[in-house]
2 protein chains.
Amino acid sequence: MSPQPNKRPGRTIRSVQIAFNIIDLLQEEAGIGVTRIADELGHSKSTVHSHLRTLEERRVIVREGDGYRLGLRFLDVASHVRDQIGNFDIVQKEVDSLAEETGEIVQFGVEEYGKVSYLHKAQGEHAVETLSRVGTQQPMYSTSLGKTILAYLPPERIEEIAAAMEYEPKTANTITGPEELFEELEAIRERGYGIDDEENINGLRCVSAPVKNDETILGAISITGPSSRFTEDRLHGELADYVQSAANVIELNTKFS
Amino acid sequence: MSPQPNKRPGRTIRSVQIAFNIIDLLQEEAGIGVTRIADELGHSKSTVHSHLRTLEERRVIVREGDGYRLGLRFLDVASHVRDQIGNFDIVQKEVDSLAEETGEIVQFGVEEYGKVSYLHKAQGEHAVETLSRVGTQQPMYSTSLGKTILAYLPPERIEEIAAAMEYEPKTANTITGPEELFEELEAIRERGYGIDDEENINGLRCVSAPVKNDETILGAISITGPSSRFTEDRLHGELADYVQSAANVIELNTKFS
DNA sequence: TATATCTGTTCCCGCCTGGGGAACGTGTCT
DNA sequence: AGACACGTTCCCCAGGCGGGAACAGATATA
């Protein structure tokens with residue numbers, strides 16, 4: 001469940017861990033009850049019971065029929081989170097319109113904990129289905145969004161993230177080590193946009209452009225599609241132009257906020 | 001902070017309460033640190049510290065600069081929550097298009113814990129600003145969404161919710177007691193849509209139509225605007241037609257899911 | 001109707017965990 | 001240097017929490 005390079009441990013609180021295990025479980029599988037949860041997590045029913053009570057009182061979960069699901073409060077929290085990130089409205093608008101214009105998948109991502117998290121995603125009409133989903137994370141070395149954001153982070157942050165990185169080859173083209181990565185980052189900085197040439201998923205290519213506020217990078221915007229439609233030429237030409245101008249629009253609108 | 005009619009208490013876990021107090025606090029005010037949180041909640045720094053560690057490990061919160069904010073993981077959770085509710089895509093599409101068509105505020109809400117929670121909201125170009133926000137809750141007796149949903153809940157559920165209700169007069173028109181409420185619900189069932197005639201906020205009127213799946217109500221869709229534009233005639237004519245046909249579209253598309 | 005077997009709930013006990021105080025380390029203002 | 005923020009760590013001890021078991025309904029099986 002957690003083969004990730006563990007963070008500094010410090011002191012961690014068991015009850016809270018249990019509570020979030022329950023939440024995680026309910027996220028994956030809604031509508032289950034006390035007994036099922038207790039089995040799944042290896043706790044006694046009474047323990048789970050008091051946790052459910054607590055979470056219910058907090059409106060974190062809701063009793064529905066005979067089972068629980070996550071509460072709508074999370075929608076509220078999510079909208080607060082988006083607001084905290086920066087001017088989300090502009091990003092959303094720009095992503096949506098680019099998706100409509102091109103018909104492909106357009107995403108906006110930011111760095112969090114050394115990974116890329118998708119803040120918003122829009123799919124045009126002939127968009128391919130991908131597994132990425134708003135809020136989920138992907139590695140930085142195998143995605144164009146990740147590499148592009150990484151390229152513009154402060155050098156010490158790059159080092160820090162790169163040090164904790166575990167290069168898992170997702171396809172034949174995936175970057176497999178730091179040297180290769182640093183070269184790639186340099187290339188991105190030179191040309192101003194990042195490429196994913198079937199490095200994360202076979203058959204898919206992406207281009208992405210950085211969105212900066214002054215000198216600090218906020219995130220990146222990318223467009224994704226099948227290699228058949230995304231030829232080398234289009235990727236470095238038309239498509240790169242698209243994401244770069246979209247990034248510009250966002251930058252201009254965020255500048256004065 | 002919690003003047004609501006308390007639920008059945010049972011046993012509740014203190015650490016988890018503290019954890020969510022921290023989350024709530026960070027939702028309201030991002031970027032604060034250990035000391036500030038400790039002061040605000042009346043706990044020792046060490047206590048707060050271990051909680052923050054736990055939450056950070058869980059990716060619930062993120063350290064940013066010198067302070068914490070809620071993590072993007074919430075976006076993921078939120079999208080799961082929406083999926084669990086029903087076919088959210090259709091709802092979203094229908095709400096958006098109705099908002100664009102009419103230029104006003106359109107919302108979709110469901111009942112949770114005896115209140116209305118907004119699942120989605122879209123504002124057309126000359127939409128008024130309202131305080132409602134996705135995920136937040138409003139009382140059922142003073143909103144058209146609430147009354148409409150309530151009208152189509154099973155009778156025993158209506159009783160249950162009505163019993164726990166505290167009628168707070170928000171404007172001169174707010175419903176102030178059960179008799180009045182039940183009459184209103186009956187009227188809604190007869191005409192098939194609900195009205196809010198400045199009962200929640202002065203100067204604002206709404207119409208809403210129920211969205212059902214077979215006999216169970218899923219939620220309701222509403223349109224909101226200033227009384228100047230929302231005359232009696234338009235409300236019961238054109239605007240009622242709008243929400244009802246939108247509700248129909250949603251019903252037809254959800255039916256086979 | 002009785003029996004069995006699922007649920008969810010409650011009770012109580014004893015261990016251990018989590019909350020608090022205080023000391024420590026570090027950086028940033030005077 | 002000093003003073004005062006901040007976050008972090010350490011340790012203690014009480015009481016909170018996890019767990020087992022008993023209890024209460026609801027549903028199924030005979």
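Just so we're on the same page: letters track the sequence lines, and every chain starts at 1. The shown structure was predicted, so the numbers you read here are calculated from the model rather than taken from an experiment.
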Roughly, in whole Å, what's the span from CG in B/Leu52 to C1' in C/dG19? 14 Å

Keeping to residues at least two apart or across chains, list the ring-ring contact (aromatic ring centres under 6.0 Å, His included) pairs with something in residues 142-164 of chain B. none

Got a donor-acceptor pair under 3.5 Å from the side chain of B/Arg11 to the base of D/dG18? yes

By nearest-nucleotide position on DNA chain C, the 5'-leaning member of A/Lys45 and B/Ile18 is A/Lys45

Contact check, side chains of B/Leu75 and A/Leu119, non-hydrogen atoms, under 4.5 Å: yes

Could you state the atom-to-atom distance from CZ of B/Arg36 to P of D/dT8 in whole Å? 17 Å

B/Glu40 CD to D/dC6 P, in whole Å, measures 13 Å

Would you say A/Thr47 reaches D/dG19's phosphate, i.e. side-chain N/O to OP1/OP2 under 4.0 Å? yes

In whole Å, what is the span from the CZ atom of B/Arg14 to the P atom of D/dG18? 13 Å

Give the rounded distance in Å between these two atoms: NE2 of A/His43 and P of D/dG19. 6 Å

Tell me whether A/Thr47 contacts the main-chain N or O of A/His43 through its side chain, where contact means a donor paired with an acceptor under 3.5 Å. no

From B/Glu186, B/Glu180, B/Glu199, residue fulfilling salt bridge (Lys or Arg N to Asp or Glu O under 4.0 Å) relative to B/Lys147: B/Glu199

Of the nucleotides D/dC17, C/dG20, D/dT8, which has the atom closest to the B/Arg53 side chain? D/dT8

Please classify the nucleic acid contact of A/Thr35 as base, sugar-phosphate, or nothing, using heavy-atom distances under 4.0 Å. sugar-phosphate

What is the distance, to the nearest angstrom, from the NE2 atom on B/His49 to the C1' atom on C/dG20? 14 Å

Rounded to the nearest angstrom, tell me the gap between atom CG in B/Asp66 and atom P in C/dG25. 22 Å

Atom CD of B/Gln17 and atom P of C/dG19: how far apart are they, to the nearest Å? 12 Å

Are B/Arg36 and B/Glu40 close enough, and set up right, to give a salt bridge (charged side-chain N to carboxylate O under 4.0 Å, His left out), and what steps lead you there? CA-CA 6 Å; B/Arg36 181 72 191 287; B/Glu40 208 81 33; 3.2 Å; yes

Can you identify which nucleotide, out of D/dC10, D/dG20, C/dG19, has its nearest atom closest to the B/Ser15 side chain? C/dG19

Which nucleotide wins on minimum distance to the side chain of B/His51, given the candidates D/dT8, C/dT9, C/dG19? C/dG19

Would you indicate which nucleotide in D/dC11, D/dC17, C/dG21 comes nearest to any side-chain atom of B/Ser46? C/dG21

